[in-house]
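Right, one structure below, let's go through it.
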Amino acid sequence: MKELLDRLVEGSSLLQAVPRGLVYTTGILLACSGVLLLVSLFAGEIVWMERRISGRMQARIGPNRVGPQGLLQFLADGVKLLAKEDVIPSSADRGVFVIAPYIVFAGVFAAFAAVPLGAGLVPADLPFGLFYVLAITSVEVVGVIMAGWASNSKWSILGTMREVAQVISYEMPLAISALTVAVLAGTLNLTDIVAQQSGWVWNWWVFRSPATFVGFFLFFTAALAALKRAPFDLPEAESELVAGFHTEYTGFRFAIFFLAEYAGMFLFALLTAILFCGGWHLGVPVDLTSGLARAAGFLVLFLKACAFLFVMIWVRWSLPRYRVDKVMYLCYKVLLPWSVVALVVAALQVLLTGGR
Amino acid sequence: MTPSLASLIPDLTPVLPGLVFWVLAGLSVVSAVAAAMAPKIVHAAFGLMAAFFGVAGLYALLGADFLSLTQVVVYVGGILVLLVFGVLLTGRAKAQLGLEKPVRVGGAVAAGTALLLGLLLAIGKSDLSRSPWLSDLPEPQGTTHAIGRALLDPEQYLLPFELVSVFLLAALVGAAYLVRRRRDAS
């Protein structure tokens, strides 16, 4: 980001007169707003994708009236939600109830600051990007607790308990399976991890080691559970808990929870593509340094993320919900041991082969 | 024409780290006070969360990136969540805090004063003029590698690290033992 801004400053006499700190601050704010806008809009489109695909799977059409093929449906829904009454239950804890959606939203969107969307297309290229993303998403849980507790409703509390137990449990296999890549790559920087996967498709981390191959499936499964997507959607189980922790939320506040949920899906789809499936590399050796190729790389990453999003939606509309104790069993007795095994194998591989 | 217009913009570059520091310090102090004064225990926990965040931000500002993220993932994502989880299970009505017995209040005041005095003494003794200003610090390079090497280096922190690991494992086994399903009790 800093190099990009430096180059921008050198190219313009107007910017050279402006203090450098102001250029950096404004540039970073603009980049973050751009990412925020992109992710919010795309989260809306994921909702549309989900509704169309689920329609297909249930032999109906789904929303196709607003815009071409119903693409603008989420705007109509957004306006509808904005126009609805913002109900705050009389027995709710007002302050906490009002803040909670923003904490959940911030927890998800802060992670995007360090996720590269293309070569050099990242607001903050942190040397510990992977750790940052996994750390900052854990803030979301606190927002969920706030929402569930402040609602003062049985459904909300039950949903919150399930969600917290599930999400903090699945954070462990999620982080450990992501570590398999970090150990083999020798870095936590997401841009570097992608750079190591250039060239042919077998250079992608998922195909480069048995540890990362297993890690890929563990990561994706744990991500599904951390996102509370079916078959792990117990915290929101519509048929038992109405809507879980956001039962009492209406209007715009509900829309924020919804947006954060779908942005979370996008985040983990991107992370899966970046860590295991080559990021913005196509899988054939092509030069990605020119401006046009960078834009194409962005598109490639986007399509990969869309493929993972499709799998998430596909799984949700084909599999029945797990029982609550089975969800915990799967985490602690299946995913966690296997991810530790994968991590040990990855570490052994580094020891024996000296890195690559 | 244009340079004169642009030069009217004040150069805030050297002030920015200080500004960020005061915002983060303010956040930590205000939310820590809120955590101590909140009548409801859950509110206190949420105040504590904001305080943790402020401190994590301060660590990040000082270039201690690994420490800062560990603060978030361990304190906010782990300890605080478990704390609130416990409070949720105890129910809402009983979670109101009253004033403690005078003996306890006195003890707390004494302990707090002692801590404050100790800190003031330590600050007074340290030579602040020798530590560099924030804006003079080199750009942080990431501390994760260095910390990892130091922790696993037999000549540095390998033994304490392993001891802590065994200690935590023992605590885990103990916790599992305490909550195990008792066959005879049912």
Side-chain angles (χ1 to χ4, degrees), chain A residues 2 12-26 91 93 95-96 99-100 103 106-107 110 114 126-146 148-150 152 156-158 160-161 163-165 167-168 171-172 175 182 186-189, chain B residues 1-17 19-20 38 40 42-43 45-50 52-53 56 60 65-66 68-85 87-89 91-92 95 135 139-145 147-148 176:
Chain A
K2 201 174 170 190
S12 136
S13 57
L14 179 72
L15 280 177
Q16 264 165 8
V18 179
R20 204 50 78 88
L22 195 70
V23 175
Y24 291 150
T25 318
T26 324
S91 62
D93 189 304
V96 181
I99 301 171
I103 305 246
L126 302 174
F128 43 90
L130 179 60
F131 186 37
Y132 168 80
V133 171
L134 292 174
I136 206 81
T137 43
S138 66
V139 173
E140 191 197 346
V141 183
V142 180
V144 168
I145 296 183
M146 289 172 109
W149 176 79
N152 197 15
S156 302
I157 283 285
L158 283 173
T160 306
M161 301 278 237
E163 158 132 15
V164 173
V167 172
I168 59 174
E171 259 172 20
M172 284 181 284
T187 174
L188 288 167
N189 182 310
Chain B
M1 181 64 208
T2 34
S4 65
L5 186 74
S7 58
L8 286 178
I9 305 168
D11 188 2
L12 288 172
T13 319
V15 198
L16 266 178
L19 201 70
V20 176
K40 281 185 186 162
V42 179
H43 287 177
F46 294 143
L48 202 59
M49 178 193 80
F52 286 152
F53 254 107
D65 44 26
F66 186 81
S68 151
L69 284 176
T70 311
Q71 165 93 358
V72 171
V73 85
V74 172
Y75 281 96
V76 178
I79 290 177
L80 188 86
V81 167
L82 287 181
L83 201 129
V84 182
F85 206 64
V87 175
L88 286 183
L89 283 169
R92 200 177 146 115
S135 43
E139 198 154 309
Q141 294 300 320
T143 53
T144 318
H145 265 263
I147 290 178

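Just so it is clear, the values below take in all heavy atoms, side chains as well, and ignore hydrogens, waters and symmetry mates. Chain identifiers are assigned alphabetically (A, B, ...) following the order of the sequence lines, protein sequences preceding nucleic acid strands; residue numbering begins at 1 within each chain.
Here the side chains of Ile168(A) and Leu82(B) are in contact, with some heavy-atom distance below 4.5 Å.
Proximity to chain A is absent for every atom of Ser68(B), based on heavy atoms less than 4.5 angstrom apart. Only the side chain of Leu188(A) comes within contact range of chain B, with at least one heavy atom under 4.5 Å from a heavy atom of that chain. Using a 4.5 Å cut-off between heavy atoms, Val84(B) contacts chain A through its side chain alone, with no backbone atom that close. Contact annotation for Phe66(B): both backbone and side-chain heavy atoms come within less than 4.5 Å of a heavy atom of chain A.
Among Ile136(A), Val141(A), Val96(A), Val142(A), the residue making the largest number of heavy-atom pairs under 4.5 Å with chain B is Val142(A).
When each of Ile145(A), Val144(A), Val167(A) is checked for a side-chain contact (heavy atoms from CB on, under 4.5 Å) with Val81(B), only Ile145(A) meets the rule. Residue Val139(A) is tested with Val72(B), Leu80(B), Val73(B) for a side-chain contact (heavy atoms from CB on, under 4.5 Å); the sole match is Val72(B).
Applying the side chain to side chain donor-acceptor pair (under 3.5 Å) rule to Glu163(A) yields the partners Lys228(A); only residues at least two apart in sequence or on another chain are considered.
Ring geometry for Trp149(A) against His43(B) counts as perpendicular: the plane angle is over 60°, on a 0 to 90° scale with 30° as the lower cut.
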